[in-house]
Amino acid sequence: MPTTLSVTNRSNQDVLTFITLGSTPGCVHNVSDLRFSDDSIHLITIAPLNGKFTLPVGKSCRIDAPSGKGFNGNFSFGTPPLNGPSPGLPHGVNLAEFIINNGFQPGGQETIDISVVTGANAIVSMSVSAEDWTSNGGKVKVKSFQNKEWDQSTGIVGVFPYGCDNCTSSDNPPREVGRHPEFCNKEPICNVQRSAAKNQGGNLDITFIDFIDNQLSRDVTIESVHFGGTFMRLDGRGVGAMSNSGGGKVDCHKGAQGWEQFLLREIDSGIITLESKFFPGVYVRMDGSSVKTSSGSGAGVVNAQFGAGDYEKFRLKPMQQGEYAIESVRFPGVVIRMDATGVVPGDAGGGTVNCQLGAGGWEVFRLHYI
């Protein structure tokens, strides 16, 4: 029974969609041979294996390979596939990968996944109508899945995490990404499969939900209320992989330039991360495990981390109008503290940024959207 494939745009804008075919024997090898169910969608051939088309907002279009041919390739949105982060796409590009109708292969498996190995620029989902798709050697039945941000896609059935070309290990990812075993899965859950020769047919739908930068995110600077004109600064030099103790430095600076700019992104209801704009992929981290009481000099550690886990998640706690304390999710009640005593214009950075139990004057900030 043949498997059909459709591509859907659930966002609020038309999206430029790229298709890249694989070179698997027995599969379609020229994008010009593909047939679209919507005649208003026009495919532009870039090369025999590569094409692009604009998928209008709200549209769903079925795409068929010629009869008797398998269909193998990937879709990306807004950009062709890349080997890793680039200046215009600092968090890389994710791919919706598939091979269907390949029953001609001895022991062949229809296989689908979303690859975040080289990063993620979009939220994409894959869903199937049949009941016989599984993962992890048949242990997990699968009907749908979608990726999250580049550093949040570990542990999702059907999704290859960042740098993890072998799902449970980082063996040979692109040089631009490098090895990142810290993001890899404990179980082989990345491929969703079923028999290619004997299955229930049905449809595979690949849905573009939105570009990640269109999610709830804003560029901000973070100014101390007590030390007016002094901003939080992150030095992410040397922070290129996740470390249990973090790295880099978070301190203070008079005025706001590149190292004082952050991408504030709401990743869940009321939960935010603070990512350096100058050092993409590097986040503000708090270890408040030692903060048990309020202290005049503060305690704990605020530094930097590659990727965002529990220690990099915060809530904005409203204080007075337009002013906030920045509270740890992992350590409730513990907030970021800034002591900018002695920091003067022209300094490369100084003072202290650490933690405090409860928010007083040195723990209150203004967020300036830029």
Side-chain angles (χ1 to χ4, degrees), residues 1-10 17-38 41 43 45 48-53 55 59-77 80-81 94-117 122 124-138 140-147 156-160 165 167 188-209:
M1 188 176 295
T3 303
T4 58
L5 180 149
S6 59
V7 183
T8 301
N9 180 3
R10 259 181 48 197
T17 304
F18 290 80
I19 181 168
T20 302
L21 298 178
S23 57
T24 304
C27 292
V28 58
H29 289 159
N30 197 315
V31 293
S32 64
D33 292 333
L34 299 174
R35 296 294 174 263
F36 289 68
S37 63
D38 189 329
I41 296 176
L43 176 73
T45 299
L49 295 177
N50 309 101
K52 63 181 179 179
F53 58 92
L55 187 62
K59 283 280 190 179
S60 184
C61 180
R62 175 171 159 173
I63 304 175
D64 294 315
S67 179
K69 292 286 187 180
F71 196 0
N72 170 219
N74 66 66
F75 289 94
S76 61
F77 298 94
N94 52 312
L95 308 175
E97 302 177 316
F98 61 92
I99 181 168
I100 57 176
N101 299 322
N102 53 318
F104 51 82
Q105 294 177 325
Q109 296 278 301
E110 289 193 326
T111 303
I112 60 176
D113 68 79
I114 297 171
S115 174
V116 184
V117 172
V124 178
S125 71
M126 301 182 85
S127 59
V128 292
S129 62
E131 304 290 335
D132 55 347
W133 291 89
T134 65
S135 185
N136 197 2
V140 182
K141 289 186 175 293
V142 180
K143 289 288 289 182
S144 65
F145 52 91
Q146 74 179 48
N147 67 287
I156 304 174
V157 172
V159 179
F160 279 82
D165 53 312
C167 190
I189 58 173
C190 298
N191 284 321
V192 174
Q193 298 178 307
R194 65 178 180 176
S195 168
K198 187 177 181 182
N199 60 56
Q200 297 178 12
N203 187 64
L204 161 65
D205 183 72
I206 298 168
T207 297
F208 171 75
I209 297 174

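Side chains included, hydrogens not; waters and symmetry mates left out as well; all remaining heavy atoms used.
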Original post:
Are the side chain of D132 and the backbone N or O of Q200 linked by a donor-acceptor pair below 3.5 Å?
Top reply: yes
**OP:** Could you give me the CA-CA distance, side-chain angles and deciding distance for F53 and I63, then say whether side chain to side chain contact (heavy atoms under 4.5 Å, CB included) is met?
**Re:** CA-CA 12 Å; F53 58 92; I63 304 175; 4.1 Å; yes
Original post:
Does A122 offer a backbone N or O that forms a donor-acceptor pair with the side chain of N94 under 3.5 Å?
Top reply: yes
**OP:** Any chance you could measure C190, atom SG, to I112, atom CD1, to the nearest 0.5 Å?
**Re:** 13.0 Å
Original post:
Taking atom types as modelled and ignoring hydrogens, do the side chains of T8 and D205 form a donor-acceptor contact shorter than 3.5 angstrom?
Top reply: yes
**OP:** Could you walk me through whether L43 and I19 pass the side chain to side chain contact (heavy atoms under 4.5 Å, CB included) test, one step at a time?
**Re:** CA-CA 10 Å; L43 176 73; I19 181 168; 4.3 Å; yes
**OP:** Return the orientation label for the F98 and F71 ring planes: parallel under 30°, perpendicular over 60°, tilted otherwise.
**Re:** perpendicular
Original post:
Are S127 and S144 linked by a side-chain donor-acceptor pair shorter than 3.5 Å?
Top reply: no
**OP:** Output the distance between atom CH2 (W133) and atom CG (N191), rounded to the nearest 0.5 Å.
**Re:** 10.5 Å
Original post:
Does N199 reach the main-chain N or O of R194 with its side chain, forming a donor-acceptor pair under 3.5 Å?
Top reply: no
**OP:** Decide yes or no on side chain to side chain contact (heavy atoms under 4.5 Å, CB included) for S125 and I209, but give the supporting numbers first.
**Re:** CA-CA 7 Å; S125 71; I209 297 174; 4.1 Å; yes
Original post:
Counting only heavy atoms not in K141, do more than 12 fall under 6.0 Å of its NZ?
Top reply: no
